[in-house]
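Single-structure report; data block below.
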There are 2 protein chains.
Amino acid sequence: MATEAPTRRRAIEDMASALFRERGYAATSVRDIARALDLQGASLYAHVTSKEDVLWAIVDRAASTFETAADRAAASSRDGDAASRLAALVRAHVAVIAADPELAGVFITEWRHLSPARRDAVLTRRDAYEERFRAIIVDGMAAGLFSPTDPAIAATFVLTALNGLAGWYRPGGRLTPDRIADHYAELAVRTVTEDHR
Amino acid sequence: MATEAPTRRRAIEDMASALFRERGYAATSVRDIARALDLQGASLYAHVTSKEDVLWAIVDRAASTFETAADRAAASSRDGDAASRLAALVRAHVAVIAADPELAGVFITEWRHLSPARRDAVLTRRDAYEERFRAIIVDGMAAGLFSPTDPAIAATFVLTALNGLAGWYRPGGRLTPDRIADHYAELAVRTVTEDHR
DNA sequence: CCTACCGATCGGTAGG
DNA sequence: CCTACCGATCGGTAGG
């Protein structure tokens, strides 16, 4: 029972995630969030210091979730070849989106509404994250496993395709998260491997 | 000289495209658009009937541009195999984005701010557009040229990767539109072709 | 295309 | 967590 504050705060973030993803940050008012939680608009400010603060909390947590999942995928696939390491990274990314599409979706599309300093911080983290993809692609090319490609272009191509999942994934859809991960991992690996027919 | 009205209207749409893409539709005010054109906020209404009307004009024109480009690509690659038809479609899509990233970017990300009726109309057209990709993939699979894949998943994967270009393309960047089209066409075709090593 | 103006809503604060 | 309230800004209209 001593943990009412963090729970309340989290409920606000979760509701905000859902609304930000559905309508966008700028089109969602503080009163929209409050109303969805049966609160008065001004009452939200007992728990948060500003609207942007809520967005930042969501984006920061989402970024950490992606990073942690990628760390685990990298550790558990460390001894595999580049193809299996790329597949593990893709699977981790898909799993994070499927586990909380609202959180991931806001991170992917709404970070531009942050203040310049925070936006820069997010861009730096996003670039470091994309670098994981580039590094595996470079490794795979060096090992002769992947065909020669512009690694930056290939990494961006794959990562934007993965992020697109946050735009269309709905729980209970035709495919389970695991099946989607199967498909996406295969498509991503093929993207960097030559057609040898 | 008799063509002042359409030119003026178009200048408003172009400025709105740039601002909507940079900050998003909801975060851009009618006065922002007017100010960028050295007009008073209310003066815009001599040329447009509402803010949403401007968004609709942009989205509708962008959709038509993509459709026309895809029609031409389909016509000129009609006699090729599925791989060359997919490559032609990808090249057309990339060219439309590179020719006007603001227009394409607003179409891709801001259509959800349209009224429900217009949003539905856009969704229908987007689905028909994506169906072009699915149809080629199905054809290629039937011909044994493409490896067995879920066509809907593969089409979405490729199309979201292509649309991601609108998020990062900047004129005068490291690669010309043509080189980007080369890379994207190859990556897209690989995505649906098996690795036979 | 401008001035003047409208009601509504915005994010946020004061004070309990 | 509420009531009451703040100045600023929103999309849009009237009337020239």
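Chain letters run A, B, ... following the sequence lines, proteins first and then strands; every chain starts at 1.
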Rounding to a whole Å, what distance do you find between [X]:[atom1] and [N]:[atom2]?
X: A/Ile12; N: C/dG11; atom1: CD1; atom2: P; value: 14 Å
X: A/Leu39; N: C/dG12; atom1: CG; atom2: C1'; value: 16 Å
X: B/Leu55; N: D/dG12; atom1: CG; atom2: P; value: 12 Å
X: B/Asp53; N: D/dT13; atom1: CG; atom2: P; value: 12 Å
X: B/Gln40; N: C/dC2; atom1: CD; atom2: P; value: 5 Å
X: A/Arg23; N: C/dT9; atom1: CZ; atom2: P; value: 14 Å
X: A/Leu44; N: C/dA14; atom1: CG; atom2: C1'; value: 17 Å

Please state whether the rings of B/Tyr129 and B/His93 are parallel, tilted or perpendicular, taking 30° and 60° as the class boundaries. tilted
Do B/Arg72 and B/Ser77 get their side chains close enough for a donor-acceptor pair, meaning under 3.5 Å? no
Between A/Asp81 and A/Ser84, is any side-chain donor less than 3.5 angstrom from a side-chain acceptor? yes
Using the ring of A/Phe107 (Phe, Tyr or Trp, six-membered ring only), decide whether A/Arg126 places NZ or CZ under 6.0 Å from its centre and within 45 degrees of its axis. yes
May I ask you to check if A/Lys51 and A/Tyr25 form a cation-pi contact, with NZ or CZ under 6.0 angstrom from the six-membered ring centre and within 45° of the axis? yes
Are A/Asp150 and A/Arg134 close enough for a salt bridge, meaning some N to O gap below 4.0 Å? no
Tell me, what's DNA chain D's dot-bracket, Watson-Crick or G-U with both distances under 3.5 Å, | for other-strand, [ ] crossing? ||||||||||||||||
Side chain of [X]: nearest nucleotide among [options]?
X: A/Lys51; options: D/dA4, D/dG12, C/dG11; answer: C/dG11
X: A/Ser43; options: D/dT13, D/dA4, D/dC2; answer: D/dC2
X: B/Tyr45; options: D/dG12, C/dG12, D/dC2; answer: D/dG12

At what distance, to the nearest 0.5 angstrom, does CG of B/Leu187 lie from CZ of A/Arg190? 14.0 Å
Is there a donor-acceptor contact under 3.5 Å from the side chain of B/Thr68 to the main chain of B/Phe66? no
Under 4.5 Å between side-chain heavy atoms, counting indirect links through other Ile/Leu/Val/Met/Phe/Trp/Tyr residues: same cluster for A/Ile136 and A/Val138 or not? no
Taking only heavy atoms on the protein side, list every residue of residues 25-37 of chain B lying under 4.0 Å from any atom of DNA chain D, sorted numerically. B/Thr28, B/Ser29, B/Val30, B/Arg31
